[in-house]
Amino acid sequence: QVQLLESGGGLVQTGDSLNLVCKASGRTFSRGTMGWFRQTPGKEREFVAAIVWADSRTYYADSVKGRFTISRDMAKRSVYLQMNSLKPEDTAVYYCVRAESSHYSIHSSEYDYWGQGTQVTVSS
């Protein structure tokens with residue numbers, strides 16, 4: 001079993017930055033995919049970014065490309081989401097996810113583990 005714990009959310013203004021952190025615990029792993037989804041009330045969970053654990057290949061939703069950066073620290077078993085130039089549209093609960101597969105997916109059903117979420121609110 002793998003547990004994921006997110007932190008780093010908060011209330012910021014348009015144009016500000018936040019860095020989300022996801023720490024994995026439990027069973028160790030050396031492959032797979034980790035990433036971030038986000039969800040606002042009444043909407044389906046939306047893919048944000050993913051990183052292949054072994055080789056650090058990254059993937060981004062068009063809505064965040066150029067503004068967000070996903071990275072990982074293998075020794076710390078952590079994944080980060082650096083969020084720059086934040087917009088009100090980025091307001092959501094952000095979830096850290098892990099898939100056993102090393103092939104990323106934009107579909108939430110393909111991910112095996114989910115964190116509890118961290119709230120990001122961007123005021124206009």
Side-chain angles (χ1 to χ4, degrees):
Q1 187 178 6
V2 175
Q3 295 83 41
L4 306 175
L5 180 61
E6 307 98 328
S7 62
L11 173 62
V12 298
Q13 296 180 337
T14 297
D16 285 351
S17 297
L18 284 172
N19 188 39
L20 305 185
V21 181
C22 172
K23 296 184 181 296
S25 61
R27 178 178 58 83
T28 59
F29 51 85
S30 59
R31 59 165 289 170
T33 302
M34 297 192 69
W36 297 88
F37 279 74
R38 65 187 183 186
Q39 186 173 35
T40 56
K43 295 188 65 177
E44 184 178 344
R45 286 181 176 179
E46 175 191 15
F47 171 77
V48 177
I51 185 165
V52 179
W53 192 253
D55 62 14
S56 74
R57 286 176 292 167
T58 58
Y59 305 89
Y60 297 94
D62 288 342
S63 59
V64 307
K65 194 173 298 181
R67 299 188 297 121
F68 292 8
T69 302
I70 188 170
S71 61
R72 58 102 170 94
D73 186 327
M74 298 185 72
K76 295 182 178 180
R77 304 185 70 194
S78 296
V79 175
Y80 309 91
L81 186 67
Q82 180 63 47
M83 308 164 65
N84 298 327
S85 301
L86 283 163
K87 307 174 181 179
E89 305 93 276
D90 297 317
T91 295
V93 177
Y94 283 71
Y95 296 90
C96 179
V97 299
R98 169 174 162 74
E100 295 298 320
S101 172
S102 294
H103 304 289
Y104 99 102
S105 174
I106 65 169
H107 302 112
S108 60
S109 62
E110 297 300 313
Y111 292 85
D112 305 292
Y113 302 97
W114 291 72
Q116 83 292 336
T118 185
Q119 177 72 47
V120 172
T121 302
V122 185
S123 63
S124 59

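Sequence positions, counted from 1, serve as the residue numbers for this chain.
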Could you go through Gln13 and Val122, starting from their C-alpha distance and side-chain angles, then the distance that decides it, and tell me whether this counts as side chain to side chain contact (heavy atoms under 4.5 Å, CB included)? CA-CA 5 Å; Gln13 296 180 337; Val122 185; over 6 Å; no
By the definition salt bridge (Lys or Arg N to Asp or Glu O under 4.0 Å), identify the one residue from Glu6, Glu46, Glu44 that meets it with Arg38. Glu46
Check for a donor-acceptor pair, side chain of Asp112 on one end and backbone N or O of Ala99 on the other, with a separation under 3.5 Å. no
For the hydrophobic clusters of this structure (ILVMFWY residues joined by side-chain heavy atoms under 4.5 Å, transitively), does one cluster hold both Met74 and Leu5? no
How many angstroms lie between atom OG of Ser56 and atom CD1 of Ile51, to the nearest 0.5 angstrom? 5.5 Å
All heavy atoms of Ala50 vs all of Thr33, minimum pair found to be CB-CG2, 3.9 Å
Pairwise distance CG(Asp90) to OG(Ser63) - rounded to 0.5 angstrom: 7.0 Å
In sequence, state the C-alpha distance, the side-chain angles, and the governing distance for Glu100 and Arg27, and then conclude on salt bridge (Lys or Arg N to Asp or Glu O under 4.0 Å). CA-CA 12 Å; Glu100 295 298 320; Arg27 178 178 58 83; 2.7 Å; yes
Verify, without hydrogens or angle tests, whether Ser85 (side chain) and Arg67 (backbone) share a donor-acceptor contact under 3.5 angstrom. no
Between Arg77 and Phe29, is any pair of side-chain heavy atoms under 4.5 Å apart? yes
Residues Lys65, Asp62: salt bridge by 4.0 Å N-O rule: yes
Between Ser108 and Glu110, does the side chain to side chain donor-acceptor pair (under 3.5 Å) criterion hold? Intermediate values first, please. CA-CA 5 Å; Ser108 60; Glu110 297 300 313; over 6 Å; no
What one should report as the nearest heavy-atom pair of Val120 and Gly9 is CG2-CA, 4.1 Å
Would you mind reporting whether Lys23 and Val79 have side-chain heavy atoms less than 4.5 Å apart? no
Contact check, side chains of Ile70 and Tyr80, non-hydrogen atoms, under 4.5 Å: no
Just checking, is any N or O donor in the side chain of Ser78 or Asp73 under 3.5 Å from an acceptor N or O on the other one? no
Could you tell me the separation between the OG1 atom of Thr91 and the CG atom of Leu86, rounded to the nearest 0.5 Å? 8.5 Å
Could you go through the side chain to side chain contact (heavy atoms under 4.5 Å, CB included) check for Thr14 and Asp16 one step at a time? CA-CA 6 Å; Thr14 297; Asp16 285 351; over 6 Å; no
Any donor-acceptor pair under 3.5 Å from Ser102 side chain to Gly32 backbone: yes
Could you grab the distance from atom CZ of Arg98 to atom SG of Cys22, nearest 0.5 Å is fine? 10.5 Å
Note: Glu89-Lys43 ion pair, threshold 4.0 Å (strictly below): no
Please report whether the ring centroid of Tyr104 lies less than 6.0 Å from that of Phe47. yes
Nearest 0.5 Å, what's the OG-NZ distance between Ser124 and Lys87? 14.0 Å
So, does Thr69 use its side chain to make a donor-acceptor pair with the main chain of Gln82 at under 3.5 Å? no
Do Val21 and Leu81 sit in one hydrophobic cluster, given that two such residues count as connected whenever their side-chain heavy atoms are within less than 4.5 Å of each other, even indirectly? no
Is there a chain of hydrophobic side chains (I, L, V, M, F, W, Y, each step under 4.5 Å between heavy atoms) that links Val97 to Met83? no
Counting distance only, does the side-chain N/O of Arg72 pair as donor-acceptor with the main-chain N or O of Trp53 below 3.5 Å? yes
In one Ile/Leu/Val/Met/Phe/Trp/Tyr side-chain cluster, 4.5 Å: Leu20, Tyr60: yes
Are Val2 and Tyr111 linked, directly or through other ILVMFWY residues, by side chains that come within less than 4.5 angstrom of each other? no
From Cys96 SG over to Trp36 CH2, what is the distance, rounded to the nearest 0.5 angstrom? 5.0 Å
Once you measure the plane-to-plane angle for Tyr94 and Phe68, does it fall in the parallel (<30°), tilted (30-60°) or perpendicular (>60°) bin? tilted
Evaluate the criterion side chain to side chain contact (heavy atoms under 4.5 Å, CB included) for residue pair Ile106 and Tyr59; output intermediate values, then yes/no. CA-CA 9 Å; Ile106 65 169; Tyr59 305 89; over 6 Å; no
Could you walk me through whether Leu18 and Val12 satisfy the side chain to side chain contact (heavy atoms under 4.5 Å, CB included) test, starting with their C-alpha distance in whole Å, then the side-chain angles of each, then the deciding distance to 0.1 Å, before giving a yes or no? CA-CA 8 Å; Leu18 284 172; Val12 298; 3.8 Å; yes
